[in-house]
Amino acid sequence: MEIFGISSQALFGQLLLGLINGSFYAVLSLGLAVIFGLLNIINFSHGALYMIGAFVAWLGLEYFGINYWAALILSPLVVGVLGIVIERLLLKHLYKLDHLYGLLLTFGLALIGEGVFRNLYGSSGQSYPVPEILQGGVDLGFMFMPLYRGWVVVAALSVCAITWYLIERTRLGATLRAATERPELVQALGINVPVLVTVTYGAGVALAAFAGVLAAPVVQVNPLMGSNLIIVVFAVVVIGGMGSILGSIVTGLGLGIVEGLTKVVYPEASAVVIFVIMVVVLLLRPAGLFGKQA
Amino acid sequence: MSATAIPSGASAFKPGGELLRITDLHAFYGESHILHGIDLTVNKGELVTLLGRNGAGRSTTMKSILGLVGRRTGKIMFNGTDITAMAPHRIARLGIGFCPEERGIFSGLTTEENLMLPPQVASGGMTLDEIYTLFPNLHERRHSPGTRLSGGEQQMLAMARILRTGAKLLLLDEITEGLAPVIVKKLGEVLRLLKTRGYTILLIEQNFRFAAPLADRHIVLEHGSIVATVTKEALPSQTEMLHQMLGV
Amino acid sequence: MSNTASQSAKSDFILQTVGLTKEFKGFAAVQDVNLNVQRGHIHALIGPNGAGKTTVFNLLTKFLQPTRGTITFNGIDISREEPAQIARRGVIRSFQISATFPHLTVLENVRVALQRKVGNSFHFWKSEKTLNSLNDRAVELLESVDLGEYVNTVTAEMPYGRKRALEIATTLALDPELMLLDEPTQGMGHEDVDRVAELIRKVSKSRTILMVEHNLSVVETLCDRITVLQRGQILAEGPYAVVSKDPRVLEAYVGVEA
Amino acid sequence: MKPVVASSKSQAGLMFGLLLVAGLVAPFVAYPTFLMKLLCFALFASAFNLLLGFAGLLSFGHAAFFGGAAYVCAWLVKEAGWSPELGLVAGTLVGGGLGAIFGWVAIRRAGIYFAMITLALAQLVFFLALQLPFTGGEDGLQGVPRGKLFGLVDLSDNTAMYYFVFAVFFAGFALIYRTVHSPFGQVLKAIRENEPRAISLGYQVERYKLVAFVISAAMAGLAGSMKALVFQLASLTDVHWHMSGEVVLMTLLGGLGTILGPGVGAAVIVALENELADKVGSWVTVIMGSIFVICVLAFRRGIVGELKALRERIN
Amino acid sequence: QVSDGVVKIGVLTDLSGVYSDVAGKGTVVATQMAIDDFNAKEKPSFKIEVVSADHQNKGDIAANKAREWFEQGKVDTVSELVTTSVALAVQKIAKEKNRIALISGAASTRVTNEDCNDVTVHWTYDTYAVANGTAKAVTKAGGKKWFFLTADYAFGHSLEKDAGDVVKANGGEVVGAVRHPFPGSDFSSFLLKAQSSGAQIIGLANAGGDTINSIKQAAEFGVTPKQQLAGLLMFITDVHSLGLKTTQSMYLTEGFYWNLNDDTRAWSKRFFDLHKRMPTMVQAGQYSSVMHYLKAVKAAGTDDTAKVMTQMKKTPVNDFFAKNGTIRDDGRMVHDMYLLQVKKPAESSTPWDYYHVRATIPAAEAFQPLSASKCPLVAKK
Ligand SMILES: Nc1ncnc2c1ncn2[C@@H]1O[C@H](COP(=O)(O)OP(=O)(O)OP(=O)(O)O)[C@@H](O)[C@H]1O
Ligand SMILES: Nc1ncnc2c1ncn2[C@@H]1O[C@H](COP(=O)(O)OP(=O)(O)OP(=O)(O)O)[C@@H](O)[C@H]1O
Ligand SMILES: CC(C)C[C@H](N)C(=O)O
Ligand SMILES: [Mg+2]
Ligand SMILES: [Mg+2]
């Protein structure tokens with residue numbers, strides 16, 4: 001069967017791969033959005049923390065025999081704590097300054113993170129095995145779908161859904177949303193906003209680490225794995241509208257699929273399609289697809 | 001509305017005695033010097049109003065108590081604790097509820113989420129049911145976004161929000177602003193009720209007629225300084241002077 | 001002139017709005033405001049906090065886009081123009097929160113305003129010394145607001161009250177036909193208030209002024225006409241003597257019933 | 001009354017004089033290729049600073065102008081046989097042209113958004129440089145001949161090349177200096193200080209920002225094409241976002257909004273990279289990152305800014 | 001005379017990236033071994049120094065480093081230069097500065113073809129040689145329909161072209177190709193393309209980490225075993241990290257295998273003691289080239305580029321790496337190559353015992369003949 005002269009097999013296959021990539025975009029941009037919402041900081045080190053998340057999983061397996069499933073919980077915890085330390089030690093001092101300083105500081109952190117791991121482990125990448133029960137795959141007719149990739153989509157979507165639920169439907173989330181609107185007043189009502197900020201940052205980077213662990217068996221665990229991805233994710237966040245939770249999830253998945261589609265139709269453009277969409281969106285809707293108009 | 005719905009004040013707050021003492025308070029926004037040495041005390045169970053023209057510094061006084069102004073000097077004691085250098089949330093948790101003049105309803109939260117936002121700081125706050133009995137409108141609209149409420153409803157919400165927490169000192173900034181007379185009347189009843197239950201209230205009002213019968217004392221500010229204090233007893237003889245000062 | 005103006009036709013209104021409305025997500029901050037400012041007047045806009053005064057200013061200068069309504073300046077419809085264009089027509093505003101260029105010197109602050117009319121503002125290849133020809137005029141303006149001694153001070157280092165004075169000087173530098181002042185005496189001590197009030201009176205000679213002011217004594221002494229806003233709508237309008245007796249105003253703004 | 005600070009004129013003269021002397025004797029003291037690299041980056045950082053330091057716009061996409069121009073210049077000189085000086089002119093124009101496009105899209109947003117948008121646009125340019133047929137993909141354009149200046153001076157001689165680079169740098173730097181200290185620069189500063197106020201005085205601020213952006217991009221382009229000639233190659237490194245980050249670092253370290261700061265910052269970073277590369281290997285990135293963090297946290301005025309502050313405190 | 005009495009060798013290689021296993025630190029070790037052996041045996045009158053640096057597989061970094069070494073560091077020869085783009089860039093600088101480039105790791109035939117010059121020697125192997133070995137063997141074994149998965153840079157292009165030529169020359173057909181970014185990490189969408197192309201053989205025109213990942217992901221996506229992979233350039237380290245289970249029966253072509261004969265085993269054992277891994281052909285070639293260079297300097301009595309080049313070219317190479325190897329005028333060092341097949345896990349008896357040697361490709365056939373060369377140095381003959 002063919003659609004527009006493209007075999008449906010290739011089309012569906014690429015769309016599915018796009019969805020898998022989109023899952024990573026979604027989880028990463030979700031973390032960025034959560035952080036941006038409350039701290040007003042574009043967390044440039046998000047990609048590095050994603051990479052560190054993957055490395056923590058790899059190191060755990062290599063040196064302590066910690067398996068994938070444990071790593072899926074442990075690594076976000078470790079990285080979350082790292083995030084908390086970063087926030088308490090460094091970011092805290094920047095809130096009164098122009099928000100650009102947050103961007104610059106986290107950029108510096110990204111360089112440090114990447115550099116340290118590059119020195120310790122080189123940039124050739126370490127391979128992380130697919131966990132036993134997710135090896136193999138299913139034949140979907142149009143393509144052979146490795147189980148693990150299917151799991152990535154399921155896990156990413158679940159985490160997105162949980163995060164969305166936490167923020168939009170719970171008391172904690174309500175507090176968070178209120179603090180995004182008027183931090184001072186929320187504090188005056190007796191809520192410890194500084195701690196909330198710290199925890200939020202920790203949680204946001206834990207999401208990055210989670211994505212990192214998910215990615216570990218898919219790509220080589222490699223110090224540079226986050227640095228190119230993150231720019232795309234920035235574009236996703238800009239397109240979705242900064243700070244919008246639902247926006248970042250939907251846009252992340254959507255753009256992954258669009259990218260997949262481009263690979264079928266005009267592969268040369270697949271690397272840039274997201275940036276092109278970003279420019280178009282900005283010209284038409286400066287606040288992004290889901291952003292509140294300024 | 002049943003009076004028994006409101007439990008009496010917690011035992012930690014013995015009746016009488018001083019609850020809030022402000023000494024030589026100066027406050028600044030950036031480079032403008034707003035308060036020029038305020039001294040005032042509020043006793044337990046008292047209702048004190050802050051009067052003054054627009055821009056006299058009444059809201060600033062309140063915000064200073066909670067540590068919400070850019071910079072302040074002087075000393076603020078609450079229930080025997082020096083709170084001058086405390087973080088705002090810790091001050092609030094000592095039992096101070098704040099209802100800001102711009103109401104501060106969160107648009108991203110539903111009415112009920114707004115209501116549930118402030119944490120319980122002491123026992124003896126009202127329950128959700130009691131609050132809904134007191135303000136039936138809020139019950140009706142509890143699932144709609146906070147800022148979709150009418151101005152009056154938002155004002156009720158802002159008040160109700162701090163009644164849940166068990167705070168014993170309420171800082172109320174222009175709660176009748178822009179409200180229909182019926183609601184104003186209702187708020188008057190609520191305040192009276194709160195008073196009988198041992199709440200201590202610091203009230204900013206433009207609407208002198210609303211404030212006069214409720215208050216134990218009136219404090220008048222002008223250009224960031226206290227220019228007069230009038231007790232309930234002295235009020236009849238001094239009303240004329242107050243009107244003068246308030247620029248009528 | 002104010003004599004003839006009061007009798008003659010509409011064209012003596014330098015600024016008029018018809019049905020001016022601004023809504024923020026369904027909340028009407030300014031509603032159906034018909035404002036008429038007479039040429040040569042000092043016109044005050046008062047009202048409780050949040051009444052929409054600053055919003056009106058923002059609409060008049062197009063820092064905000066009106067949801068509805070038209071604005072005419074000198075008989076020209078300016079409802080669709082850009083902020084900078086409106087400034088070029090001679091409507092210059094000051095801000096509620098002091099608006100100077102903090103790291104430029106006081107002289108440079110005024111010169112930036114003077115420079116606009118010279119038309120060399122895009123000349124990046126010329127030396128800034130070409131601006132020195134504006135110094136005399138700048139100093140003159142500064143002296144008129146008693147800032148002569150501050151000429152070379154970096155603005156940030158001046159006391160607050162002097163900054164408000166500088167703002168007025170900067171505004172005057174453009175020789176505006178209509179000056180919009182948002183709470184010019186806010187945050188000032190008594191003597192500064194008097195000084196600024198005096199200054200406003202002085203500069204009002206050849207122009208029209210629309211000001212927002214909470215200080216009623218300033219309003220009383222300076223203003224020819226007063227518009228009272230409440231919750232986005234005009235509550236009352238007229239000379240001070242009339243408005244200050246209006247029971248609705250007393251209730252809404254002053255806070256007592258007559 | 002003499003309101004303008006009298007010493008500023010002679011100070012500027014002194015600065016340019018010293019710069020000239022230093023530039024002329026430098027090759028007798030240091031390795032010319034190193035100096036040329038330094039000058040290219042000093043010009044790049046100064047151009048960047050024009051935007052961030054004097055117009056308050058943080059572009060995270062300046063690599064696009066630097067690298068884009070490097071590619072165009074390299075291609076024209078190598079494949080089309082243009083002379084080096086024409087290559088530089090073309091590179092400058094390309095930088096400016098790209099700047100106009102970026103500016104047109106980005107200037108409608110401010111702050112973080114502006115940074116993000118420029119970053120993403122630069123990424124577009126990066127992919128173009130990777131994929132367009134004439135860019136040499138991963139390899140870049142190598143073996144670009146330095147050629148003969150005006151058909152006369154053979155630039156393959158390092159000393160000759162150095163003096164050419166220095167002259168170009170000096171001219172570019174002087175232009176930036178002039179822009180900052182021009183009527184236009186005054187308005188730019190005013191906009192940075194208080195944009196709403198500038199608007200209310202009748203300035204159409206977006207136009208000023210756009211012009212500043214274009215000048216900055218053009219000078220970045222000049223620096224990039226010069227780099228292409230010096231090293232005889234244009235490569236993906238030049239258009240990579242790390243390059244955009246590096247120029248921010250140079251500017252921040254040297255002193256944002258100071259005239260000499262970016263040059264000083266560039267010198268420090270280039271020297272560090274040169275010195276450290278052999279000794280600490282790839283720890284260089286970690287060191288760069290740390291400098292970034294330290295600058296942002298404790299040293300926001302940068303080297304020149306701190307020195308200035310120190311001098312003022314002493315006076 | 002040797003300038004300053006010092007011969008300085010620069011090792012410019014990938015110390016941290018995807019080719020760091022293939023070349024990397026091991027080539028620095030091999031260089032040092034060569035120098036130590038040379039000093040011990042030949043007792044030269046000059047001193048020998050080494051510097052090394054990481055070029056991160058980036059042509060510009062390499063070019064800048066080489067330039068600095070030549071201009072400031074008094075480096076006489078720059079060596080190794082894994083990654084084609086690096087080699088091509090540095091080769092040009094060497095020519096300009098009139099110093100010698102000894103290339104071991106880089107693969108493309110461009111080094112001695114279009115881009116040849118008279119200061120460069122290409123030592124170990126090239127894309128023609130490996131394609132000629134592996135692609136020919138696979139095509140002859142019945143794999144006629146090919147699809148290429150190509151690393152998108154000079155090396156990949158070169159390998160794809162050379163292998164495509166061999167496939168066609170042997171009666172096969174190329175049905176398509178897809179180029180992936182270098183270095184790549186996720187190959188799934190490219191593999192999907194390869195899958196839907198209907199080719200029998202997917203030729204991997206990439207190397208190192210990229211090849212390893214492509215092979216793994218091909219298995220993950222069920223591309224293999226329905227379609228077969230041909231690793232056009234694989235090294236023993238790749239087989240080592242993938243394991244015999246994944247790679248069994250694959251054909252590959254190398255210029256060196258440690259377990260060929262006593263000489264290779266002896267040298268490799270020494271190398272293993274120092275580096276804890278068996279040598280790749282790049283590392284062995286590095287030793288061989290440096291040794292040959294040092295001997296030439298000694299024989300010529302000078303480090304002058306032209307004289308040393310002449311000396312190197314007129315002396316045959318005879319060591320554990322090559323028997324009767326010669327350096328042609330285009331700079332190509334020609335020697336025997338080996339067609340190898342990966343053992344089944346059961347067939348491997350000792351660690352690193354990975355290959356069956358299926359054929360020795362004689363020097364004369366292994367490399368592109370001079371008659372087909374595009375090198376200006378030999379074209380007009
Ligand atoms: N955030 C702020 N920044 C600068 N100045 C402020 C700020 N908030 C208030 N002010 C100024 O401080 C002074 C006192 O303000 P405050 O809000 O305390 O007045 P108030 O007595 O509550 O009167 P009202 O509420 O009627 O305006 C006023 O001049 C006001 O303009
Ligand atoms: N950008 C905005 N978005 C939403 N609401 C706004 C915005 N700007 C102003 N408002 C609201 O519009 C109303 C009018 O505000 P405005 O600043 O005009 O009041 P004002 O009369 O100037 O008060 P003040 O005397 O305190 O300066 C207020 O309720 C304010 O919260
Ligand atoms: C070690 C290698 C595989 C290097 C690669 N073949 C190249 O020349 O680019
Ligand atoms: Mg107030
Ligand atoms: Mg206002």
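Residue numbering restarts at 1 for every chain, and letters A, B, ... go by the order of the sequence lines.
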Exercise for the section: Can you tell which part of B/Pro119 gets under 4.5 Å to a heavy atom of chain A, answering side chain, backbone, both or neither? Expected result: both

Handout entry: Atom group of B/Leu171 that falls short of 4.5 Å from chain A, counting heavy atoms
Key = neither

Problem - Heavy atoms of other groups near A/Arg182 CZ, more than 12 under 6.0 Å - result: yes

Problem - Validation row: B/Thr165, A/Leu189 side chains within 4.5 angstrom (heavy atoms) - result: no

Practice task
Verify the neighbour count for atom NZ of B/Lys75: are there more than 12 heavy atoms of other residues, nucleotides or ligands below 6.0 Å?
Solution key: no

Handout entry: Proximal component of A/Arg171, with respect to chain B [non-hydrogen, under 4.5 Å]
Key = side chain

Exercise for the section: Side chain from CB out, backbone as N, CA, C, O: work out which of these in B/Ile105 comes under 4.5 Å of a heavy atom of chain A, or both, or neither. Expected result: backbone

Exercise for the section: With a 4.5 angstrom heavy-atom cut-off, could you sort out which part of B/Ile91 is near chain A: side chain, backbone, both or neither? Expected result: neither

Problem - Minimum heavy-atom distance B/Ala92-A/Ala188, with the two atoms named - result: CB-O, 3.1 Å

Handout entry: Within-4.5 Å side-chain heavy-atom neighbours: A/Glu181 and B/Ser107
Key = yes

Less than 3.5 Å apart, which donor and acceptor atoms pair up between the side chains of residues 25-35 of chain A and the rest of the protein, not counting sequence neighbours?
residue : atom : partner  : partner atom : Å
A/Tyr25 : OH   : A/Glu259 : OE1          : 2.8
A/Tyr25 : OH   : A/Glu259 : OE2          : 3.2
A/Ser29 : OG   : A/Tyr25  : O            : 2.8
A/Ser29 : OG   : A/Ala26  : O            : 3.3
A/Ser29 : OG   : A/Ser248 : O            : 3.2

Exercise for the section: Work out which heavy atom in A/Ile191 is nearest to a heavy atom in B/His89; give both atom names and the distance. Expected result: O-CB, 3.1 Å

Handout entry: Pairwise side-chain contact, A/Glu184 with B/Lys63, heavy-atom cut-off 4.5 Å (strictly under)
Key = no

Exercise for the section: Working to the nearest 0.5 Å, report the span between OG1 of A/Thr175 and CG of B/Leu109. Expected result: 7.5 Å

Exercise for the section: Determine the minimum heavy-atom distance between A/Glu168 and B/Glu113, stating which atoms define it. Expected result: O-OE2, 4.0 Å

Problem - A/Phe44: ring pair (Phe, Tyr, Trp, His ring centres under 6.0 Å) partners, not counting sequence neighbours - result: A/Phe107, A/Phe234, D/Phe60, D/Trp241

Handout entry: Heavy-atom proximity to chain A below 4.5 Å, by part of B/Arg90
Key = neither

Problem - Nearest non-hydrogen partners of B/Pro88 and A/Gln187, listed with the distance - result: CD-NE2, 3.5 Å

